[in-house]
Each structure stands twice: as C-alpha cells, then as structure tokens.
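Structure record follows, encoded as structure tokens.
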2 protein chains.
Amino acid sequence: MAKPVGRRGETRERILATALDLFVEHGVHGTSLQQIADRLGVAKATVYHQFATKDALIQALVQPVADTLGELLTRAEAAAGREAQVEVVIEGLVEMVLARRQIAAVMHGDPAVEAAIRATPELAVRSAKVKDLLLGPDPSPSRRVALSVFNAGLMLSGTDPELAELPEEILRQELLGTARRLLV
Amino acid sequence: MAKPVGRRGETRERILATALDLFVEHGVHGTSLQQIADRLGVAKATVYHQFATKDALIQALVQPVADTLGELLTRAEAAAGREAQVEVVIEGLVEMVLARRQIAAVMHGDPAVEAAIRATPELAVRSAKVKDLLLGPDPSPSRRVALSVFNAGLMLSGTDPELAELPEEILRQELLGTARRLLV
DNA sequence: GTCTATAAATTGATAGAC
DNA sequence: GTCTATCAATTTATAGAC
C-alpha cells in the first residue's frame, strides 16, 4: 500500500471514455484502436497495455450496465406485486440511460456491441429478464410492440441531438411519462 | 430495345439485397465488399462493376427511402389542417417501415449510413421536414421526447426479433396505435 | 507504463484477361 | 459482365527497447 492510488486506473478510464465517444460517433467497427490512441495522444501499444483486445475493451464498457441491471433486478424481485415491479424496472432503466447515455446508445444500436453482449451471458440473461418482466405473462401483440418501441426509443434517446438541450430532470420526467403511456 | 429486359439490373438488385442483409447483421463498417461477394458467390470485382464505391452502394440503398419520404411529404402538404397532416405522416412512416424494414433499421442505427444520409441533402432535408411536421410549432419537451422515442422505436421495430412472428397486419395496427398514443 | 517498429491479415479499390 | 491478380492503406495485435 505504499503507492499512491490517486491515479490508479486513470489511463484505463480515459481510454474507455475516449473509445466510447468514438464508438458513438463512428460505431465500434468504424473506430480503430489507432484512432482511440490518436485522440488520447498516446501510442496504440498503450491501449493494448490496458486492454488485451478490442473485444476486452468493449466488454469493459458494457460491464457497468450488467451490474446496474443486476441491482435493478434484485430490487424488482423484492417489490410486491407485478405493478410495483414494473415501476421499479421502468425507473431503473430511465435512471440507467440518463447516467450512461452513450453506453446505452451503442448497446442497442451497434452490432459489434450486440455480439459482445451475446458473448457476456451475464448481461444477455439480465437483459432478457428485464424484458420479460416488462412484457409480463402472456403478453398481447399490443404490449409486445409497445415494449419494442419503448426499449429502442429509450436506449437511443439519451444521445439524440434533438434532446441534447433538455435539462436532465425534464428528460427524466418525460421519459418516465412516455414509459407509463406505453407500458402501464 | 432489342435486348430482353427481364434480367436488367438483376445482379444489381441481388447485390443490394445481400448487402442489406449483411449490413443489418454486422453493420456497414463491419461488412466488407468481400463478404458481400462471397455470400453472393461472385468475385469482388463484380460488385465493383455495379457500384463504383462502397458509398455508392449505400446511396443506392437509401435512395428509395428518399423517394418515399418525398411522396409522403407531398401528400402531407396536400392534407387540410395539421391534424390530418400528422395522420398522413404517421401512416406513411409506418407503411415505409413495414415495406423496407431492414433499410429503416440501418438508416437509424448505423453511423456509416447516417454519414451517407448527411451527404444526401435530398434525404436529410426530407427527414428533417418529416420530423418538424410531427413535432409541430413550438413543441413542448414532452412532445420532443415522445417523438424521439417513437422515431427510434419505429425505425428499429421492423427488425426486432421479438416482433418477427407477428403478422404484418397486426404489426401495422399496433405501430399505428403506439404512434397515436405518443403523438396525437 | 509508454514508446517505436513490425508482423500478418484484411480493407477498399483498380487493371486487365477472357 | 465476370473473372484473377494486384495495390496501397489500414486493421488487430505483438515484440522488445527505454
């Protein structure tokens, strides 16, 4: 414990943040590790020192979402009655998108990230559980479509330039309102 | 007019269809012209014989959407009153997504296609007009958010595996219903 | 931990034979 | 109109000096 920990993982975090910016702009396949290194002002080998492969970098990006979904499901399962559970999930998802707008966007839109998710059973399973919980037992076509539209819309709304100027609190309330109009 | 026209542009159409399949699966940047040629069983140079560049191929894919939006706007502008105009646009968009599910999906989710759209003023302008028409004059934050969610959700719903088994007519009615719940 | 240099494969794109 | 062969550039990834 002799070393100062103030900078522990600082480079790692900067790489993740820069990579995420570029992934949102150009997609994962459209972003090379060279571009990430260039924007950060380091050598490509420095990026590889922190992440063994490009896939490992993507995995590191989606990990927090897996954690968040895990906590969310724990809270939902503790809630009494399906109505309360749905409410917990909706609020948790909106909160997650607000806190991690860019990750949410690439997670839903980028085929490379979707492949990484399929390769992360933890995340894939939790996503499926969240969807099933919102879908409910024996869902009607109406609810299936509403959930599909809401899910995609929610995940991408956080990075929609049209909404960039809205204060976070307004966006939160309106996303919750939209969710309830569609899912409650 | 001596030549039979039965096969006119047949190869071209097959290339476009195969490319679109792959773009949906792996994204545009994640799909090489070699992969397209391989799946089609032709040489890469054959693809280049039909499309000078990868960009030209993308342009050819989004062109029908630009046409559809053009017709849509003409019909909307002919409608009397804003309410009727909104109705025309909603119905037209739903119809477009149903008819061109894959194109709609890559158009909204893929950064490479979005770049191509920005480079096609015709399409960019029409998309903006459609959005503005749905947004209406002096839109509230509530409507901004609802439109953002609906727009992303609609464009991606056509390729959502969760909805793959729904008959087209059911999907049409439910998408229209979702649109009206959010935008009317 | 960061760098330079490099390897091996793949990319978009072109030339030219048939 | 389709092919083989090839190009220059770029990709992911590694080796090894400092």
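Throughout, protein chains are lettered first and strands after them, A, B, ... in sequence-line order, and every chain is numbered starting at 1.
No side-chain N or O of A:Q63 forms a donor-acceptor pair with one of A:Q59 less than 3.5 Å apart.
Here the C1' atom of nucleotide D:dT2 and the CZ atom of B:F51 are 16 Å apart, to the nearest Å. Counting to the nearest Å, the C1' atom of D:dG1 and the CD atom of B:E10 are 13 Å from each other. Taking atom CG on A:L57 and atom P on D:dT11, their separation rounds to 15 Å, with Å as the unit. For A:K44 and C:dA7, the NZ to P distance is 13 Å, given to the nearest whole Å. In this structure, A:I36 atom CD1 and D:dT12 atom C1' are separated by 12 Å, rounded to whole Å. Taking atom CD of residue A:Q35 and atom C1' of nucleotide D:dA13, one finds them 17 Å apart after rounding to whole Å. Rounding to whole angstrom units, NE2 of residue B:H49 and P of C:dA17 are separated by 17 Å.
Residues A:E10 and A:R14 are not paired through a salt bridge, judged by the lack of any N-O separation under 4.0 Å between the basic side chain and the carboxylate. At a threshold of 4.0 Å, the pair A:R172-A:E168 counts as salt-bridged, since one of the basic side-chain nitrogens sits closer than that to a carboxylate oxygen. A salt bridge links B:E87 with B:R180: the distance from a Lys NZ or Arg NE/NH1/NH2 to an Asp or Glu carboxylate oxygen falls below 4.0 Å. A salt bridge is defined here as a Lys NZ or Arg NE, NH1 or NH2 lying under 4.0 Å from an Asp or Glu carboxylate O, and B:E165 with A:R144 fails to meet this definition.
Ranking C:dT2, D:dT2, D:dC3 by closeness to the A:Q50 side chain, first place goes to C:dT2. Comparing atom distances between the A:S32 side chain and each of C:dT4, C:dA13, D:dT11 picks out D:dT11 as nearest. Nearest to the side-chain atoms of A:V42 among the listed nucleotides C:dC3, D:dT12, C:dG12 stands C:dC3. In this structure, the nucleotide among D:dT12, C:dA13, D:dT2 sitting nearest to the side chain of A:Y48 is D:dT12. For A:Q34, the listed nucleotide lying nearest its side chain is D:dT11; candidates were D:dT11, D:dT14, D:dC3.
Nearest-nucleotide positions on DNA chain D for B:A45 and A:H29 put B:A45 closer to the 5' end.
An OP1 or OP2 oxygen of C:dG1 is reached within less than 4.0 angstrom by no side-chain nitrogen or oxygen of A:T11. Within the structure, a side-chain polar atom (N or O) of A:T46 is placed less than 4.0 Å from OP1 or OP2 of C:dC3.
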